[in-house]
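Here it is, the structure, as structure tokens.
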Amino acid sequence: GVVATKVTPVEKETPKEKLKDELLSVTSTKEWDEKAGFDSNENESTVSITVVGASGDLAKKKIFPALFALYYEDCLPKHFTIYGYARSKMTDAELRNMVSKTLTCRIDKRENCSEKMDQFLKRCFYHSGQYDSEENFAQLDKKLKKHEGGRVSNRLFYLSIPPNIFVEAVKCASSSASSGNGWTRVIVEKPFGRDSESSAVLTKSLKQYLTEDQIFRIDHYLGKELVENLSVLRFANLIFEPLWTRQYIRNVQIIFSEDFGTEGRGGYFDNYGIIRDIMQNHLLQILALFAMETPVSLDAEDIRNEKVKVLRSMRPLRLEDVVIGQYKSHSKGGVTYPSYTDDKTVPKDSLTPTFAAAALFIDNARWDGVPFLMKAGKALHNKGAEIRVQFRHVPGNLYNRNFGTDLDRATNELVIRVQPDEAIFLKINNKVPGLGMRLDRSNLNLHYAARYSKEIPDAYERLLLDAIEGERRLFIRSDELDAAWALFTPVLKELEEKKFLPESYPYGSRGPVGAHYLAARYNVRWGDLDIEQ
């Protein structure tokens, strides 16, 4: 409330002067701030998003469209500016033209899309500069300040550039273009090194200029709707959590497949291979989320603590538990598909795997003895990513005679299809209607497209929004990264030192035969090879 104080008037003050004083005392705060030289914007904040490497493919195909989708959904702050930064010479108009070609509109909003697009593009600007030039970043800083207009400035830098120039760009951005009165955050794209050693060097170098809280290591798989839903499915449904243990689960399969080869990206890929590109990050992150214990809360640190515990409990990966493959040329229906080494950007004698399968184990009370099988490959028969949980056989099953000898056909299986065509389905055994006792395997199916009319947001939208809001749950902490590399580095070194020959598999096939033998050794059949899937 307002406290009234008794004012003793000055003896000679006339009623007119008194009224003038009272009027002055109720002058608006804004006017008073202006008179006193204060900026009324001071208490407002603004977000400046700088996409470093703005002319690259990732920026064009994913980052700018994701930022536009967030703007379209009214998820961005009232005051924001987007800057593209790259070496190419470009004007603001040229950047806007380049960006406009990849923007798409959400189908569930009624606003005039082209109007929204124009408003968004007006907030996009470009600054040309070298990634290792403090002077160029200082010029960017001046431009950002102009747009920020005295508000509290929060700055987000998205590094969409090759890893060999990460550190230089971070050094220049932090010394010459950091926020003076708000936060500064940097999103770093994979690869985070090639092994434990290079990853540790990268982390140490980044931490010379940034604190751990400022580094957002992005893994876009963690932003996918079905991966986000994993913990909801498990911790918000009584029927699943008690089953999430070695007593009921026979094996877990995490499968990633692409139906195309490297096609022009061979140069980058050949330096890393499928294990570094997909397994060590995307699939291992899914495994950690799947297998973790119940966190204390949904706070980012509590969730990341549990993921680290899983990774640190994992048994060291042995070479005999890994199968690698490389696709070869194959003709089908009059079309000849190229082999991996036919790619002009790949050396003819390359031993880089385009396929890998591995059996992993978590040595803790919950998962002791349960094989976690991972598989990732390019140029396979289909495109998709899924988690398959195969449950144990029913002990003393009354209906064994009806299933015949193949008990695997009668196993309950929970399938979480991450992409494409998102779905969760549970395979159950059921009686076929009729007079006989014929059993059938049916799906209890939650098909997202049929159940929800809302379009599923792209993973980059969720992750960019989280970075702006300072939500770290879906980003990778440095100790998590260390634990992930510690698991895969010894095997990667052994494969490279021994010049291990990858098994060939035809383009468009189901992958190398070795993957089936690996699964069979642990009494597992790959679920994605089932005819009914």
Worksheet item: Hey, are Asp528 and Arg388 close enough for a salt bridge, meaning a charged N less than 4.0 Å from a carboxylate O?
Response: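 No, no charged N to carboxylate O under 4.0 Å.
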Discussion item. Is the shortest side-chain heavy-atom distance between Pro371 and Val524 below 4.5 Å?
Written reply: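 The answer is yes, as the side chains (C-beta and beyond) meet within the 4.5 Å cut-off.
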Discussion item. Taking the side chain as everything from C-beta on, heavy atoms only, tell me whether Lys101 gets closer than 4.5 Å to Asn97.
Written reply: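 Yes; the side chains approach each other to less than 4.5 Å.
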Item to complete: Kindly assign one of parallel, tilted or perpendicular to the pair Trp244 and Phe290, based on the angle between their ring planes and the thresholds 30° and 60°.
Response: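 Because their plane-to-plane angle lies in the 30° to 60° range, the rings of Trp244 and Phe290 count as tilted.
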Item to complete: Might you point out which heavy atoms bring Ile286 and Leu230 nearest each other, and give the distance in Å?
Response: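 Smallest heavy-atom distance, with atoms named: O-CD1, 4.2 Å.
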Fill in: Stacked cation flag Lys378 on Phe269, 6.0 angstrom / 45 deg
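Yes, a cation-pi geometry holds between Lys378 and Phe269.
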Discussion item. Does any part of the side chain of Phe216, heavy atoms only, come nearer than 4.5 Å to the side chain of Leu156, both counted from C-beta?
Written reply: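 No, side chains not in contact.
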Worksheet item: With a 4.5 Å heavy-atom cut-off, do Leu284 and Phe372 have their side chains touching?
Response: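 Answer no - side chains too far apart.
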Worksheet item: Does the side chain of Met292 reach to within under 4.5 Å of the side chain of Ile303, using non-hydrogen atoms?
Response: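 Of all side-chain heavy-atom pairs linking Ile303 with Met292, at least one is under 4.5 Å.
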Item to complete: May I ask you to decide if the ring planes of His282 and His220 are parallel, tilted or perpendicular, using 30° and 60° as cut-offs?
Response: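 If you compare the ring of His282 with that of His220, the planes turn out perpendicular.
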Practice prompt. Please check if any side-chain donor atom of Gln130 sits under 3.5 Å from a side-chain acceptor atom of Glu168, or the reverse.
Written response: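 No, because no side-chain N or O of Gln130 sits under 3.5 Å from a partner of the opposite role on Glu168.
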Worksheet item: Is there a donor-acceptor contact under 3.5 Å linking the side chains of Asp342 and Tyr507?
Response: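 Judged by distance alone, the side chains do not pair up.
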Worksheet item: Going through the checks in order, is the side chain to side chain contact (heavy atoms under 4.5 Å, CB included) test met by Asn412 and Lys427?
Response: CA-CA 5 Å; Asn412 295 126; Lys427 296 190 174 186; 5.9 Å; no
Discussion item. Can you confirm whether Pro338 sits close enough to Asp343 that some side-chain heavy atom of one is under 4.5 Å from a side-chain heavy atom of the other?
Written reply: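 Side-chain contact under 4.5 Å: no.
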Discussion item. Just by distance, no angles: are the side chains of Thr203 and Ser478 close enough, under 3.5 Å, to form a donor-acceptor pair?
Written reply: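 Thr203 vs Ser478: no donor-acceptor pair found between side chains.
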Fill in: Non-hydrogen atoms of Ala359 and Leu518 that approach each other most closely
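Shortest heavy-atom separation between Ala359 and Leu518 comes out as N-CD2, 4.1 Å.
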Worksheet item: Where do Gly325 and Pro512 come nearest, in terms of heavy atoms and distance?
Response: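 It is CA-CG, 4.1 Å.
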Item to complete: Could you tell me whether Asp195 and Arg276 have a side-chain N and a carboxylate O separated by less than 4.0 Å?
Response: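 No, Asp195 and Arg276 are not salt-bridged.
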Worksheet item: Quick one: are the ring centres of Phe391 and Tyr248 less than 6.0 Å apart?
Response: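 No, they do not, as the ring centres are separated by 6.0 Å or more.
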Discussion item. For Glu306, is there an ion pair with Arg366 - N to carboxylate O distance below 4.0 angstrom?
Written reply: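 Between Glu306 and Arg366 there is no salt bridge, as every charged N stays at least 4.0 Å from the carboxylate O atoms.
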Discussion item. I want to know whether Phe68 and Phe64 have ring centres closer than 6.0 Å.
Written reply: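 Phe68 vs Phe64: aromatic centres not under 6.0 Å.
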Worksheet item: If you measure from the Lys or Arg side-chain nitrogens to the Asp or Glu carboxylate oxygens, is any gap between Glu212 and Arg217 under 4.0 Å?
Response: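 Looking at Arg217 together with Glu212, the answer is yes, because their closest N to O distance falls below 4.0 Å.
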Worksheet item: For Lys190, does the NZ atom have more than 12 heavy-atom neighbours from other residues, nucleotides or ligands under 6.0 Å away?
Response: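 It does: Lys190 NZ has more than 12 such atoms within range.
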Worksheet item: Near Arg312 CZ, under 6.0 Å, is it more than 12 heavy atoms from other residues, nucleotides or ligands?
Response: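 No, CZ of Arg312 has 12 or fewer neighbouring heavy atoms, counting only those of other groups under 6.0 Å.
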Discussion item. Could you tell me if the side chain of Gln280 sits less than 4.5 Å from the side chain of Leu481, heavy atoms only?
Written reply: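 Of all side-chain heavy-atom pairs linking Gln280 with Leu481, at least one is under 4.5 Å.
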Practice prompt. Before accepting this row, confirm whether a basic side-chain N of the pair Arg521/Asp321 lies closer than 4.0 Å to the acidic partner's carboxylate O.
Written response: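 Yes, Arg521 and Asp321 are salt-bridged.
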Worksheet entry | Lys/Arg N to Asp/Glu carboxylate O, Glu497 vs Lys493, below 4.0 Å |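 Answer for the salt bridge query: no.
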Worksheet item: Got a donor-acceptor contact below 3.5 angstrom from the Arg315 side chain to the Asp363 backbone?
Response: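 Here the side-chain-to-backbone pair does not exist.
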Item to complete: May I ask you to say whether Glu228 pairs ionically with Arg462, meaning some side-chain N is under 4.0 Å from a carboxylate O?
Response: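 Judged by the 4.0 Å cut-off on N to carboxylate O distance, Glu228 and Arg462 do form a salt bridge.
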Worksheet entry | Heavy-atom side-chain contact between Leu226 and Ile387 under 4.5 Å |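 No. Closest side-chain heavy atoms not under 4.5 Å.
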Worksheet item: Has Arg87 got more than 12 heavy atoms of other residues, nucleotides or ligands less than 6.0 Å from its CZ?
Response: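 Open.
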Worksheet item: Looking only at heavy atoms, which two atoms of Glu225 and Pro457 are closest? And how far apart?
Response: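 Minimum heavy-atom contact is OE1-CD, 4.0 Å.
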Practice prompt. Identify the residue among Tyr337, Phe355, Tyr340 that makes a ring-ring contact (aromatic ring centres under 6.0 Å, His included) with Tyr505.
Written response: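 In the set Tyr337, Phe355, Tyr340, the residue that makes a ring-ring contact (aromatic ring centres under 6.0 Å, His included) with Tyr505 is Phe355.
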Worksheet item: Looking only at atom types and distance, does a side-chain atom of Gln285 sit under 3.5 Å from a main-chain N or O of Ile476, one as donor and one as acceptor?
Response: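 Not confirmed, Gln285 side chain does not pair with Ile476 backbone.
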